[in-house]
Amino acid sequence: MNAETPPSPSNFIKTIIAEDIKTNKNDGRVATRFPPEPNGYLHIGHAKSICLNFGIAGEYEKGTCNLRFDDTNPSKEEVEYMEAIKADVRWLGFDWEDRLYHASDYFDRLYAYAVELIQKGKAYVCSLSPEDTKAYRGTLQEPGKDSPYRNRSVDENLDLFARMRNGEFPEGAHVLRARINMASPNMNMRDPAIYRIRHVAHNRTGDAWPIYPMYDFAHCLSDAIEGITHSLCTLEFEDHRPLYDWILDQLDVPCHPQQIEFARLNLSYTVMSKRKLQVLVERNIVDGWDDPRMPTIAGFRRRGYTPASIRNFCERIGIARRDSMVDVALLEFSIREDLNEKAPRHLGVIRPLKVVIDNYPENRTEELDAPLHPNHPEMGSRTLPFSREIYIEKDDFMENPPSKFYRLSPGREVRLRYAYFIKCEKVVKDKTTGEVIAVHCTYDPETRGGDSPDGRKVKATLHWVSAAHAITAEVRLYDRLFSKENPDEGTDGSHFTDFINPDSLEILTDCKLEPGLADTRPGDSFQFERLGYFCRDKSVSPTGHPVFNRTVTLRDSWTKISKKENA
Ligand code: ATP
Ligand code: MG
């Protein structure tokens, strides 16, 4: 595993596995798997599962983690999704080596296992209509009723199942059901369907199969076929565990993996199910699966998150058996922490205000030296051109400042980062609107580098760029995609899309950045001093300028939150 990730703390799953290793269960092997259904892009919840499964395997010499596509449900987009999933797992820093599998690899074997169940009298072909099946199933309060087809003979079942497989029946005519217990208090055990008829082509097996196995049947058997030792899944599968074990107990399988459940990750101010994320994509509420506001791995990558920041976040949230909501501020803390160490510093002005330095020679340009990182001299430095006309941030100037405003205002002196002290002498306003369009200043040539030899103090240091040298860029500022902490909660009949934050994206088209940023590439991350961390986007603006995404602001709300919680 990547050396940057700190040693991970223990959790109840690791404790179970360590104990199994000690007792030499499974011959000291640890085999896990990450089993995504390729029906969308991976989200940050999947990252938790990936870090857990690949992380545990990585801790043991005889540890392996498979990537297995749960492709039992044929759909057209599968190929795009599979490629995206592979790219995301790799990007996170994990490697399945030669262990890339598909549930569809096992269709022949799964079919043979179904035949074995029929032969053992443990499965039957049921021909109830979907409505009747539901009615016979009972409720949580009432037991179900046996299907009239439950006592079909083994031979009749074998014949009907073979004909289902041959494509002789329309969809819905029959299903193959496990023969367990219609009176079980656990609804999953009331003779669940294990195969259904679907006349749909599969991207890997084509038209070979008119029947497809159900998740509960395919999953435990795929685990067993692959020799998985510990099958880690989220809590909603707890009630499926008796079925997982029942199926494996009936059949002659290579091994019987242990299913262990853990709490899924829920993150505040977002939704996490692929089905819901798909709605956002389809309705063009976002700009695709990798929109930087999406909680997808691809979205975080485009936003400027690093793999280490996501892995560290997953370590911090830990693994528990109780569902909870994690504050998105903790994720922001993780990326801030990582980029604070790694991101080179630059100057960029996102809402420019022109400043003319009246006593600076008209045609002079100076090259000022500035380190790329305050704590890492080994990262080197860059030169900043300085000239008579510069831009500063609009917010850094006030004509009539309140008492606590220490930045530029008439008569006030401030420092320009790495450059000089300047003092505001005059304000130029638009004649009709009254808006300040330029500020005239004088500079003190004695303060080069940003220090006054006479010990004079200023209360503010501003970022700036030279107007003649700056590059123009588009900057996209992101805010939470939802305005409600838990948009999933729909007790009043509301839909999660009702809580979309209308201000989740602000586009600034005329930003001025230090010239060195012209040479950067998509995916590169920087700190724009005093503003936040930004990442160059893959796109170019409609006016042909580079685009930068704000990854996160500099302000850390998490430390405050956790201090409050600890207090
Ligand atoms: P979704 O509802 O988002 O589609 P899923 O559970 O159906 O989620 P799968 O592709 O089946 O998605 O999941 C692959 C693995 O990732 C499973 O083992 C699942 O338990 C795990 N997983 C999915 N969502 C989360 C989450 N929010 N937190 C932790 N693990 C998750
Ligand atoms: Mg799913």
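In listed order, ligands and their atoms are each counted from 1.
Counting atoms of ligand 1 from 1 in the listed order, those under 4.0 Å from a heavy atom of Phe34 are 14 (C), 15 (C), 16 (O). Close approach of ligand 1 to Pro35 (heavy-atom distance below 4.0 Å) involves ligand atoms 14 (C), 18 (O). Taking every heavy atom of Thr234 and a limit of under 4.0 angstrom, the matching atoms of ligand 1 come to 19 (C), 20 (O), 29 (C), 30 (N), 31 (C).
Taking the centre and axis of the six-membered ring of Tyr124, the NZ or CZ atom of Arg177 falls outside the cone set by 45° and 6.0 Å.
Remark: ligand 1 and His46 share an N or O pair separated by less than 3.5 Å (distance only, no angle test). Taking any N or O of Leu265, backbone or side chain, at least one lies under 3.5 Å from an N or O belonging to ligand 1. Among the atoms of Arg264, some N or O lies under 3.5 angstrom from an N or O of ligand 1. For ligand 1, the polar-atom distance check finds an N/O of Lys274 within less than 3.5 Å of one of the ligand's N/O atoms. For ligand 1, the polar-atom distance check against Met272 finds a nitrogen or oxygen pair separated by under 3.5 Å. Considering backbone and side-chain N/O of Arg275, none are found under 3.5 Å from N/O of ligand 1. Considering backbone and side-chain atoms together, Asn39 places no N or O closer than 3.5 Å to any N or O of ligand 1. For Glu37, a nitrogen or oxygen atom sits less than 3.5 Å from a nitrogen or oxygen atom of ligand 1, counting backbone and side chain alike.
Look at Arg204 and Glu78 and you find no salt bridge, because none of the NZ, NE, NH1 or NH2 atoms lies under 4.0 Å from a carboxylate O. The pair Arg68-Asp105 does not meet the salt-bridge criterion, since no charged nitrogen lies less than 4.0 angstrom from a carboxylate oxygen.
Contact check for Thr64 versus Arg33: no side-chain heavy atoms found under the 4.5 Å cut-off.
Remark: aromatic rings of Phe534 and Phe548 are distant, center separation not under 6.0 Å. Aromatic rings of Phe237 and Tyr215 (six-membered ring for Trp) have centroids within the 6.0 Å cut-off, being under it.
For the residue pair Arg293 / Ser504, a side-chain donor-acceptor distance below 3.5 Å is found, with atom types taken as modelled.
The residue from His43, Gln278, Lys276, Lys48 that puts a heavy atom closest to atom 3 (O) of ligand 1 is His43.
Not a single donor-acceptor pair under 3.5 Å links the side chain of Arg190 to the backbone N or O of Asn181.
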